[in-house]
Structure formats: C-alpha cells, structure tokens
Amino acid sequence: MSFATKYNPEETESKWYAYWMEHKFFSSKVDHTKEPYTIVIPPPNVTGVLHMGHMLNNTIQDVLIRKARMEGKNACWVPGTDHASIATEAKVVSMLKERGIDKKSLTREEFLKYAWEWKEKYGGIILEQLKKLGASCDWDRTKFTMDPDLSEAVISVFVDLHKKGKIYRGIRMVNWDPQGKTALSDDEVITKEIQSKLYYIQYNIEGTENEFLTIATTRPETIMADVAICINPNDPRFAHLKGKKAIIPLINRAIPIIEDEYVDMEFGTGCLKVTPAHDINDYELGLKHKLEVIDILNDDGTLNEKAQILIGEDRFIARKRISKMLAEIGQMEKVEEYKSNVGHSERTNAIVEPKLSLQWFLSMEDITKPALQSVMDDIIQLHPPKFKNMYRSWMENVRDWCISRQLWWGHQIPAYYLPNGEYVVAQSKSEALEIANEKYGIAYKSEDLVQDEDVLDTWFSSWLWPISVFDAKVFSEGKKNEDLKYYYPTNDLVTAPEILFFWVARMIIAGYEYMGEKPFKNVYLTGIVRDKQGRKMSKSLGNSPDPLELIKIYGADGVRTGMLFSSPAGNDLPYDDKLVEQGRNFANKIWNAFRLVKGWEIDPELDGQENQAAIHWFENRFNESLTEIEDHFNKFRISDALMTSYKLVWDDFCSWYLEMIKPAYQQPIDAATYERTILFFEDILKILHPFMPFITEEIWQQIKERNTEDALIVSEWPSPKSFDVQTIAEAQQVFEVVSQIRNIRASKGISPKEAFELTIKTQQPDLYLRFEMVLKKLANLSKLEFGDQVANSLGFIVKSDECFIPMIGQVDVESEKENIQKELEYTRGFLNTVMKKLMNERFVSGAPAQVLEIERKKQADAEAKIKALEESLVNLG
RNA sequence: GGGAUCUUAGCUCAGUUGGUUUAGAGCGCUGCUUUGACAGAGCAGAGGUCAUGGGUUCGAAUCCCUUAGGUCCCA
C-alpha cells in the first residue's frame with residue numbers, strides 16, 4: 001500500500017460529507033433517553049454569500065456540535081436564513097432595474113412575486129456553501145423567517161403585544177433613509193465623523209432698518225423650515241431681541257424669537273435656529289414651546305413645495321445653492337470648516353435624515369427587565385464576560401423599538417384601517433372584519449378594510465428564532481409541542497458582538513416574554529475578521545479572500561483550524577493566509593503520521609519491552625492534555641483547546657512518541673506496541689474530529705474496517721483519566737538530555753550519524769535505564785554509563801544530573817568555560833531571588849506550605865546545579 | 001463629552017484568586033540538515049527593563065493611582 005506524501009483534501013471532503021448525510025448523522029429527533037444539546041444558527045441574510053465572518057462563526061458552532069454529538073448528547077444544530085427586508089428589497093429593486101422595470105410601476109403583489117422568484121433562485125446559496133465547510137446542521141430542519149408558519153408566529157406576536165398594550169402607533173422623529181425610503185432603528189444608523197461646514201447666516205430683525213442676528217448651522221437648506229430663533233434668556237448679548245421676530249432670508253417669513261436655557265451660549269453665535277421637522281433636539285424644543293412643524297423634505301430627500309424655493313432639488317444640492325444665494329444677497333456672514341458626526345444608513349450608507357413620521361413602536365420599558373436580570377445574574381453567560389457591561393448599559397437605556405419599515409418584502413403589519421378612521425389589529429383580514437363589525441356595529445365588507453402598507457423590522461421575526469424554529473404555533477396556541485419542550489432552551493449561541501443588541505438581547509426578551517425561560521445558556525461572541533491592515537473585511541473594499549477558493553486551496557480542515565488558531569472569544573481575527581497554511585500543514589502532518597504507522601510490518605515474535613516506557617509516558621501525557629482540552633472547552637477557549645490538541649499531536653505524538661517507538665528502517669514492530677499505537681491514534685483522531693472532521697474520518701476509516709455505526713463522527717469522545725505527573729516530569733528530563741546532546745552536535749558541527757558515549761552522574765540511574773533504548777535511539781548513543789566526570793569531555797547539566805560526552809578531538813576549553821560561566825551567573829541570580837524569599841521571615845511564616853516547598857525545591861536544584869557547574873569549571877582547569 | 005476595555009517577543013495571543021515564571025506558546029526570523037512518514041519537514045538557536053511614572057505588599061505582568069496610545073459602546 002502506498003499513499004501520496006501530501007494529503008489531498010478535495011475528494012475526501014465531498015465523500016465523507018455525503019456519507020454523513022446519507023446515514024443521517026446530522027439529524028436529531030426527540031429522544032428522552034439522551035440529553036439534548038442544541039444550537040440555532042444565527043440565520044444568515046438570505047441574499048448573502050459566505051464570507052470570512054461566517055466561516056469563523058460556523059466553524060465554532062460545528063466544533064461545539066460535533067463534540068457534543070461525540071459525547072453522546074442528542075446534538076441538534078438548526079440551520080436557516082432570514083429574509084433581510086432592506087437588503088433583499090434593494091437586491092430585487094436593482095434586479096428589476098436591470099430588466100427595465102421600475103418598482104413604482106408594480107403592485108405590491110407583483111413585486112412580491114419577483115422577490116420570491118429571486119429568493120428561490122439565490123436564497124439557498126449560503127447554506128450550500130456551509131456544507132463545504134463541513135457544517136453538520138440538521139438540514140431537514142432548515143427554516144426561513146418568511147416560511148408560512150414562522151410568518152404566522154410573527155403576526156401572532158404582533159397581535160398579542162398589541163393586545164397587551166405594548167405596541168403602539170405614534171408620530172416620532174425617526175431616522176429616515178432617503179435612499180432606502182424607510183425608517184431605521186437607532187441601531188441601524190452608523191455615526192461617522194465627516195468634514196462639513198458651519199454656515200453663519202444673518203436674519204433681519206422685523207421692524208428694524210438694518211438690525212440682524214446671526215445663527216450658525218451646518219444645514220442651511222433647512223432654513224425654510226425654521227419656526228423660531230431661540231436664545232438663552234441669560235445671555236446679555238441678545239436681551240434686546242426678546243419678544244421680537246426674525247425674518248428668514250430668501251423666503252422672508254417672520255418667526256418668533258423665543259428663550260430657552262437649552263441654548264449653549266458658547267457654541268456658534270448663541271442664536272439657535274429651531275427646525276422641529278428636521279432635527280431631533282429642535283423637535284423636542286418645538287414640543288415644549290408649542291411651535292408649528294414645517295416639513296420641507298420629500299421621502300427621497302428632495303425639497304417639497306413647503307420649502308417655497310428650490311422645490312424638487314436634492315437636499316445636498318439645495319444646500320450648495322442656498323449657500324450661494326445667501327452670499328449673493330449679503331446675508332452669509334462666513335463659512336467655517338467644521339467636523340461633525342453624521343448618521344449613515346447601515347444598509348445603503350445614505351446620510352440619515354431625521355424625519356417625523358407615523359410609525360409602530362414596541363414599548364421596551366417593562367419587557368426588557370427579565371432579560372437584563374438574567375444576564376446580570378449569569379443565568380445567561382456572555383463569553384467573554386466583558387460584554388456584560390455593554391449589554392447592561394444598553395438595556396438600562398433602551399428606547400422604544402421602532403418596528404415598522406416602509407418596505408414590501410417582509411411581514412406586512414396586521415393592522416387594518418376602517419373607513420371610520422379607526423383601525424383593528426388582528427391575525428387576518430377576516431378576523432379584523434369580524435372584530436370591527438362587532439366593535440362598531442357596522443356591516444363593513446372585506447374591501448372596506450385597508451391593511452397597513454408597511455412591514456415589520458426583520459429583527460421582529462428573528463427575535464423569535466430559538467422558539468419558532470421548533471414550534472411556530474406556540475404563539476397562537478399557547479401550548480408547546482414536543483420539539484420545543486425537548487430542545488428549548490438551547491445551549492449555546494455563537495454570534496458577532498455587533499448584533500448583541502439587534503438580535504441577542506431581543507431573543508432574550510422574547511424568550512422570557514413567551515417561554516418564561518432563557519433562550520440559551522451561553523452566548524459566545526466571536527471577533528470580527530479583519531485584513532492585515534486591521535480593516536474589516538468587506539465586499540466594497542475587496543479585501544476578503546473568497547472562502548470557497550480558500551477551502552479548495554487549503555482544504556476545509558485547514559481553513560477551519562486556521563481560522564481558530566488565533567481567535568480567542570471576543571477578539572478580532574487579523575486574517576493572514578499563513579493561518580490557513582498552518583492549518584493545511586497540520587492536516588498534512590497527521591496524514592504523514594498515518595502513513596508511517598500504516599506502513600509498519602508486525603512481527604509477533606518481538607516482545608516490545610523497550611517500548612514500555614514510551615507507551616506509559618504517552619498514555620499519561622495524553623490524559624494530561626485531554627484534561628487541559630476539556631478545561632479550555634468548558635471555558636469556551638476554543639483556540640486554546642485547538643492549540644493544546646495541536647501540540648499534543650505534533651510535539652508529543654509525532655516528534656516524541658512515534659520517534660521513540662519507530663522501528664529501524666524496514667524493520668518490523670512488535671504487535672503490542674503496534675496495537676497500542678493504533679489506539680492512541682484513534683483517540684487523537686477523536687480529539688481532532690470537531691476541528692478537522694474530514695481528514696480524521698478519512699484516516700479513521702482507513703485505519704480499520706468500520707461498520708456504519710462506527711463512523712468517527714458518532715464515536716465516543718474519550719474521557720480524561722487520571723495521570724501521573726511524576727511520569728511526565730521524568731520523561732521531560734530524559735527529553736532534555738536528548739535535546740542537549742542534539743544541541744552539542746549542532747553547535748559543534750558533529751553529524752547526527754556519529755554515535756556518542758554518554759556518562760551520567762546521577763542519583764537515579766534507573767530512570768535513565770528505563771529510557772535507555774529511547775536515549776540510544778533519539779540521541780544516537782553507542783553506550784550509556786553512570787559515573788563521575790569523564791576526562792576531555794563536553795558536559796551539561798539537567799536538573800541536578802551531570803552528563804558527559806567524551807570527545808575524540810580537542811575540546812575548546814575557553815568557550816566551554818565561557819558557557820558554563822554564563823549559566824553559572826544565571827543560576828546564581830536565580831538562587832538569589834529564591835533565597836531572598838526564603839530568608840524573609842514574613843514570607844516563610846505567611847506563604848502557604850505548598851509555595852514554600854516549591855521554593856525550597858528551587859533552592860536545592862539551583863544549589864546542586866551551581867555545585868556541578870563549579871566542579872566542571874575546576875575540571876576544565 | 002460620558003462609559004467600557006485593552007497595551008506582554010517582529011506578528012497574533014496565553015499568563016485563571018498576587019508566590020510552580022529574573023515571563024510562556026504558535027507563527028515568523030537565524031543557523032544547520034535533503035536516502036528511510038512528512039521540506040507543507042527535522043534539529044537547534046536568537047528574541048521581552050510585561051506601554052509610562054508612582055504607590056500598596058515580604059513579594060506585582062497580575063491590585064490601586066497618574067500619563068500616553070489603541071479599540072468599542074453611548075451622546
């Protein structure tokens with residue numbers, strides 16, 4: 001049997017993924033004999049394609065789910081997508097544009113037909129891509145937030161919350177996206193500092209010849225919407241203006257000069273123009289002073305007829321033109337450069353316009369309380385916990401949630417308007433009709449009712465996700481099905497911190513509101529994948545590698561491990577191809593270890609006694625590592641768990657264990673050692689499987705004949721056994737001797753082929769005798785002896801044992817002395833710090849016994865070492 | 001402006017209640033090694049006054065304060 005020296009992942013991956021699917025290893029059904037372990041996927045945007053963030057996120061979920069499955073739990077990972085109102089509608093609109101169709105020319109029904117067509121065609125791409133990564137989702141459970149049952153759930157929840165009085169309709173200043181033509185929640189607005197200008201504009205005072213006041217504004221195009229000028233009543237500069245009126249330039253409308261301490265006397269000129277329709281603070285001021293509201297902007301950001309001038313111009317063009325017009329009539333005093341923070345739409349990047357509009361809101365004050373409490377009390381744990389603070393500050397200062405969006409793609413708000421000006425909220429139009437007719441005693445017909453045009457915020461459906469994927473009917477029927485009873489609450493949620501508020505907090509809110517129970521126990525927050533310059537990876541920057549291309553080049557296992565190598569929870573991941581390269585190299589290393597072992601002939605005549613020490617050591621070392629790995633997993637230190645596994649395999653198993661037991665070239669191995677080695681290898685494959693599912697399954701299946709039920713994916717996760725630290729420490733000492741001898745060869749330029757004779761001066765010769773064969777093999781020794789200093793030899797010290805290697809040629813005494821002198825100095829310095837502690841009365845009386853013992857051991861070791869070094873110096877002359 | 005958080009080797013990070021550490025890992029780097037699982041490799045090595053200045057303590061990378069810089073959240 002011969003294998004390629006390089007592992008080729010491509011065919012292995014498709015083969016085993018198909019095998020796992022075929023045998024339904026990913027599927028989960030209610031089974032009360034098993035403990036459920038559940039993850040719901042953060043539903044990717046249905047318009048999305050796989051990006052590096054998904055890779056990281058889903059790799060982590062797959063690691064968790066695969067490990068749980070091997071631990072014998074009933075592992076259920078529910079996949080799906082969300083309908084992403086704004087993003088999808090934008091995609092559909094641009095698709096229509098390409099076909100020469102204007103959205104405005106379509107009815108809602110026609111538009112939705114195109115939208116579904118688009119969704120059917122492109123909506124599944126991202127889930128298919130996840131399969132390439134190895135994601136072991138229960139695909140039969142795939143859900144979409146606009147599936148009929150999930151939609152019904154959303155409507156039920158709206159109706160229910162409305163009934164509870166938590167949903168209301170109100171005029172509010174909202175963040176308006178003039179490009180997407182929809183309201184945005186505060187969280188969908190990204191504030192960016194941009195370079196803008198501060199315009200100083202003069203307003204004449206009514207009834208005077210040439211008296212004027214000056215206001216400073218960044219938005220001169222809104223002066224036509226001014227309804228007042230506000231001054232601070234304590235400002236002596238403007239006392240004479242009290243009770244007068246100012247005249248808006250260009251349109252010559254007179255507006256009152258009002259007083260309010262809200263005005264900052266230091267900022268600008270101290271005179272504030274009040275424009276309630278176009279500024280949130282002015283709006284509040286307007287309410288307080290009962291001012292009129294003049295809205296001069298259309299939904300698309302152009303000026304309307306109320307502006308009187310520049311009607312139909314875009315707001316930014318209008319700004320430039322008005323600035324020029326003001327200058328022409330001499331009422332532009334000056335223009336200054338100014339840095340200001342401006343809100344941008346997360347989806348369209350358009351500058352957000354504060355706009356008054358009638359929207360639907362969810363009152364957040366009461367509903368958030370249990371959700372805050374459960375995180376504060378660690379009933380739900382955030383990993384890393386630093387996010388608790390952020391979560392708290394958000395939940396304590398939460399504002400009502402604007403849940404309506406001026407779009408067609410999504411869940412249409414189930415509010416029906418009646419000819420009498422009232423409205424009814426109901427599950428369906430027919431229900432609404434019944435309610436309306438009963439309530440108002442009028443026989444309305446179906447066509448009299450007009451449903452609200454708007455849809456609900458996408459998060460208003462995904463906040464139900466951990467519930468609705470199992471049981472969408474629970475909201476209307478109030479009785480849980482078996483799935484929901486069994487799988488809810490889920491265990492772990494893996495997502496990005498940027499949607500902690502958007503989504504995670506709201507799921508917790510919905511969980512308590514509808515289940516009276518948390519939706520998950522742990523929230524693992526990943527970092528953001530960035531490029532080498534620290535920029536977020538994005539399509540527009542073009543700085544992201546194509547994930548599928550990466551999988552092709554480095555293999556899914558390589559990419560998975562590469563992504564995890566440097567990604568502690570909550571930390572950003574600066575992506576570098578080196579990482580996935582390292583992952584690929586690791587897969588190759590495992591492959592070659594397998595080639596080695598698989599190539600051995602077995603000789604039943606051999607007793608393999610000399611391998612006992614190696615086997616005994618590795619068994620202990622394995623359990624030590626496994627214990628550490630479990631600890632890392634328990635603390636959600638996934639990359640540490642990987643690194644510990646990596647070192648166990650590469651350093652301990654490959655570099656030490658296999659080298660120790662490896663028979664000479666073309667020599668056979670004894671049966672006992674071989675069998676034990678296969679068992680070790682199998683345990684290693686198990687530990688690696690969650691990280692590298694494909695290569696491990698491949699080797700697992702090649703190492704032995706397996707039945708279907710013996711596939712690695714469903715094999716039993718090894719449980720850590722106790723281990724003997726002494727055994728591990730002793731081996732460490734032997735390894736140190738080997739390294740020192742290799743070091744001598746390297747530094748003296750002596751070939752590894754040249755055998756050495758080693759003499760050790762030690763109290764514990766049996767330790768070295770146990771490893772005699774190992775020492776001879778790994779350090780290439782022809783002889784191992786115990787005794788005193790050997791003449792004309794090179795020496796080194798390990799712990800308190802002295803080792804000597806006789807040299808045939810002349811030893812460079814001076815350089816040897818120099819080396820010893822250096823080590824002596826270091827050791828003396830070290831002893832000094834130890835002694836300082838031990839000489840200290842308060843340390844000796846105060847420190848715990850264990851610490852004292854450690855310090856005394858350090859002292860003894862250091863002293864022995866110093867003595868040995870000094871002797872060596874003397875012997876060298 | 002308010003708040004949170006971070007600053008440890010060239011890079012990315014560990015260092016868990018102060019004492020197994022005059023500080024560790026992976027990658028990178030330097031040198032040597034190509035017949036025997038693997039050059040996608042082996043072996044060895046170099047590299048840090050733990051951001052700064054102070055304080056608490058018998059003892060500080062770890063606790064407190066100062067300063068500087070970064071990141072994030074909120075306004």
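A note on names: the letters A, B, ... follow the listed sequences, proteins ahead of strands, and every chain is numbered from 1.
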- Pair E659(A)-K662(A), salt bridge (charged side-chain N to carboxylate O under 4.0 Å, His left out): steps then yes or no: CA-CA 5 Å; E659(A) 291 299 333; K662(A) 184 161 104 179; 3.4 Å; yes
- Task: In sequence, state the C-alpha distance, the side-chain angles, and the governing distance for Y391(A) and F501(A), and then conclude on ring pair (Phe, Tyr, Trp, His ring centres under 6.0 Å).
- Result: CA-CA 7 Å; Y391(A) 182 86; F501(A) 312 135; 7.3 Å; no
- Take K536(A) and E498(A) through the test side chain to side chain contact (heavy atoms under 4.5 Å, CB included) and record every step on the way to the result. CA-CA 12 Å; K536(A) 205 171 156 175; E498(A) 48 195 0; 3.0 Å; yes
- Y646(A) and Q582(A): side chain to side chain donor-acceptor pair (under 3.5 Å), yes or no, with the steps? CA-CA 11 Å; Y646(A) 179 86; Q582(A) 191 186 347; 3.3 Å; yes
- salt bridge (charged side-chain N to carboxylate O under 4.0 Å, His left out) between E823(A) and K865(A), intermediate numbers included: CA-CA 10 Å; E823(A) 207 174 344; K865(A) 191 162 182 182; 3.1 Å; yes
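N8(A) has its side chain within reach of E10(A): a pair of non-hydrogen atoms, C-beta onward, lies under 4.5 Å apart. Between W600(A) and P663(A) there is a side-chain heavy-atom pair separated by less than 4.5 Å. M52(A) is listed as a side-chain neighbour of Y575(A), based on a closest heavy-atom distance under 4.5 Å. At least one side-chain heavy atom of K6(A) sits less than 4.5 Å from a side-chain heavy atom of N588(A). Looking at Y262(A) and N281(A), their side chains come closer than 4.5 Å, going by heavy atoms from C-beta outward.
For K635(A), the side-chain atoms get nearest to U16(B) when compared with the rest of U16(B), A37(B), G40(B).
Not counting sequence neighbours, D400(A) has no partner by the salt bridge (Lys or Arg N to Asp or Glu O under 4.0 Å) test. Considering only residues two or more places apart in sequence or on other chains, K388(A) meets the side-chain hydrogen bond (donor to acceptor under 3.5 Å, both in side chains) condition with D378(A). The salt bridge (Lys or Arg N to Asp or Glu O under 4.0 Å) check on K776(A) picks up E772(A), with sequence neighbours excluded. Considering only residues two or more places apart in sequence or on other chains, E624(A) meets the side-chain hydrogen bond (donor to acceptor under 3.5 Å, both in side chains) condition with R621(A).
Comparing the C1' positions of A75(B) and C29(B) gives a spacing of 47 Å, expressed to the nearest Å. A60(B) and U17(B) have their C1' atoms separated by 15 Å, given to the nearest Å. Spacing of P atoms, U62(B) relative to G19(B), comes out at 11 Å, to the nearest Å. When the C1' atom is used for both U30(B) and C13(B), the distance is 23 Å, rounded to whole Å. Distance noted for atom C1' between G15(B) and U21(B): 9 Å (whole Å). For the C1' atom pair drawn from U52(B) and G70(B), the interatomic distance equals 15 Å after rounding to whole Å. Using P as the reference atom, A23(B) and A9(B) are 14 Å apart when rounded to the nearest Å. Remark: the separation of the P atoms in A44(B) and A4(B) is 48 Å, to the nearest Å.
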Quiz: residues 675-683 of chain A side-chain donor-acceptor pairs under 3.5 angstrom, not counting sequence neighbours:
from    : atom 1 : to      : atom 2 : distance (Å)
R676(A) : NH2    : E619(A) : OE2    : 3.0
T677(A) : OG1    : Y657(A) : OH     : 2.8
T677(A) : OG1    : T673(A) : O      : 2.7
E682(A) : OE2    : K704(A) : NZ     : 3.3
E682(A) : OE2    : R706(A) : NH1    : 3.3
E682(A) : OE2    : R706(A) : NH2    : 2.6

Exercise answer: donor-acceptor pairs, residues 734-741 of chain A side-chain atoms, under 3.5 Å, sequence neighbours excluded:
from    : atom 1 : to      : atom 2 : distance (Å)
E736(A) : OE2    : Q740(A) : NE2    : 3.3
S739(A) : OG     : F735(A) : O      : 3.2

Short heteroatom pairs, N/O only, protein and nucleotides 12-14 of chain B, under 3.5 Å:
from   : atom 1 : to      : atom 2 : distance (Å)
U12(B) : O2'    : S566(A) : OG     : 3.4

Just the table, please: protein N/O against nucleotides 49-51 of chain B N/O, every pair under 3.5 Å.
none

Give me, pair by pair, the N or O atoms of the protein and of nucleotides 1-7 of chain B that are less than 3.5 Å apart, along with how far apart they are.
from  : atom 1 : to      : atom 2 : distance (Å)
A4(B) : O3'    : N389(A) : ND2    : 3.2

What pairs of nitrogen or oxygen atoms, one from the protein and one from nucleotides 26-28 of chain B, lie under 3.5 Å apart?
from   : atom 1 : to      : atom 2 : distance (Å)
G26(B) : O2'    : Q582(A) : NE2    : 2.7
C27(B) : OP1    : Y646(A) : OH     : 3.3

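Note on R856(A): nothing from the nucleic acid sits closer than 4.0 angstrom, heavy atoms only. Here K858(A) lies in heavy-atom contact (under 4.0 Å) with sugar-phosphate atoms only.
For the pair W656(A) and E855(A), both in contact range of RNA chain B, the more 5′-proximal nearest nucleotide belongs to E855(A). Taking the nucleotide of RNA chain B with the nearest heavy atom to each of E825(A) and Y665(A), the more 5' of the two is matched to E825(A).
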- How does RNA chain B read in dot-bracket, base by base from 5' to 3', with Watson-Crick or G-U pairs under 3.5 Å and | used when the partner is on another strand? (((((((..((((.....[....)))).(((((.......))))).....(.(((..]....))).)))))))).
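Distance CG (N8(A)) to P (C38(B)): 17 Å, rounded to an integer number of Å. Straight-line distance from the CD1 atom of I699(A) to the P atom of A37(B): 16 Å, rounded to whole Å. Atom CZ of F594(A) and atom C1' of A37(B) are 11 Å apart (whole Å). Going from atom CZ of R535(A) over to atom P of G70(B) covers 19 Å, rounded to whole Å. What separates CD1 of I590(A) from P of A41(B) is a distance of 12 Å, to the nearest Å. For the pair K662(A) NZ and U35(B) C1', the computed distance is 12 Å after rounding to whole Å. Atom CG in N175(A) sits about 10 Å away from atom P in A75(B), given to the nearest Å. Following rounding to the nearest Å, E498(A) (CD) and U71(B) (P) show an atom-to-atom distance of 17 Å.
Of the residues in residues 730-747 of chain A, S739(A), R742(A), N743(A) come within less than 4.0 Å of RNA chain B through at least one heavy atom, sorted by number.
Within 6.0 Å of atom NZ in K858(A), more than 12 heavy atoms from other residues, nucleotides or ligands are found, so the atom counts as buried in its surroundings. Around atom CD of E365(A), no more than 12 heavy atoms belonging to other residues, nucleotides or ligands sit under 6.0 Å away.
One finds a salt bridge joining K288(A) and D260(A) here, because a Lys/Arg side-chain nitrogen approaches an Asp/Glu carboxylate oxygen to under 4.0 Å. Salt bridge R535(A)/D531(A): present, at least one basic N to carboxylate O contact under 4.0 Å.
Applying the 4.0 Å criterion to OP1 and OP2 of A41(B), one finds that K6(A) has every side-chain N and O outside that range.
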